[in-house]
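Written out below as structure tokens is the structure these notes cover.
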Amino acid sequence: MTKPIFDTRVSLGNLIHIGILVGTVVVGATVALGTIERLEVQIGDMEEDVSGFDDRLRAVETTTAMQGQDFKAMSGALGKLEAQLVENNRLLRQLLSRK
């Protein structure tokens, strides 16, 4: 009779090795699940941060657009004031030349 390739007998040493292997797998799976849960929490926090950043960015864009409109309005008003000053200067010279 030939000797089997693998020893299929159950011994205390084999049971201990199997127990260690199963324990290692359970601990590894538990650590992996804990890591996954922590990563999910961190990803959720990052999503909230990105959402808050997007809101702040939209607010800055809106403020910038409003400032651009204000600048255009002020520029137009300054143009009108300049035209009025030129006209006043012309009228003043005209009055002074009559004297």
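Sequential numbering from 1 along the given sequence is applied to the chain's residues.
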Side chain to side chain contact (heavy atoms under 4.5 Å, CB included) with Leu12: which residues, sequence neighbours excluded? Ile16
List, by chain and number, the other hydrophobic cluster members for Val31, where Ile, Leu, Val, Met, Phe, Trp and Tyr join if side-chain heavy atoms come within less than 4.5 Å, directly or indirectly. Val27
State the CE-CD distance between Met74 and Gln67, to the nearest 0.5 angstrom. 9.0 Å
Among pairs that include at least one residue of residues 72-85, which meet side chain to side chain donor-acceptor pair (under 3.5 Å), considering only residues two or more places apart or in two chains? Gln84-Asn88
Under 4.5 Å side-chain linkage, directly or through intermediates, the cluster mates of Leu81: Leu78
Hey, what do you get for CG (Leu15) to CD1 (Ile20), rounding to the nearest 0.5 Å? 11.0 Å
How would you list, by chain and number, every residue that makes a salt bridge (charged side-chain N to carboxylate O under 4.0 Å, His left out) with Arg93, sequence neighbours excluded? none
Taking only residues two or more places apart in sequence or in another chain, which ones pass side chain to side chain contact (heavy atoms under 4.5 Å, CB included) with Leu85? none
Co-members of Val22 in a cluster of I, L, V, M, F, W and Y side chains, linked at under 4.5 Å: Ile18, Val26
Quick one: side chains of residues 45-65, donor-acceptor pairs under 3.5 Å with protein atoms, not counting sequence neighbours, listed by atom name and distance.
{"unit_1": "Asp55", "atom_1": "OD1", "unit_2": "Arg58", "atom_2": "NH1", "d": "2.8"}
{"unit_1": "Thr62", "atom_1": "OG1", "unit_2": "Arg58", "atom_2": "O", "d": "2.9"}
{"unit_1": "Thr63", "atom_1": "OG1", "unit_2": "Ala59", "atom_2": "O", "d": "2.9"}
{"unit_1": "Thr64", "atom_1": "OG1", "unit_2": "Val60", "atom_2": "O", "d": "2.8"}

With sequence neighbours left out, the residues meeting salt bridge (charged side-chain N to carboxylate O under 4.0 Å, His left out) with Glu87 are Arg90
Once side chain to side chain contact (heavy atoms under 4.5 Å, CB included) is applied, do any residues pair with Leu33, and if so which ones, sequence neighbours excluded? none
Looking at residues at least two apart in the chain, or sitting in another chain, which of them share a side chain to side chain donor-acceptor pair (under 3.5 Å) with Thr35? Arg38
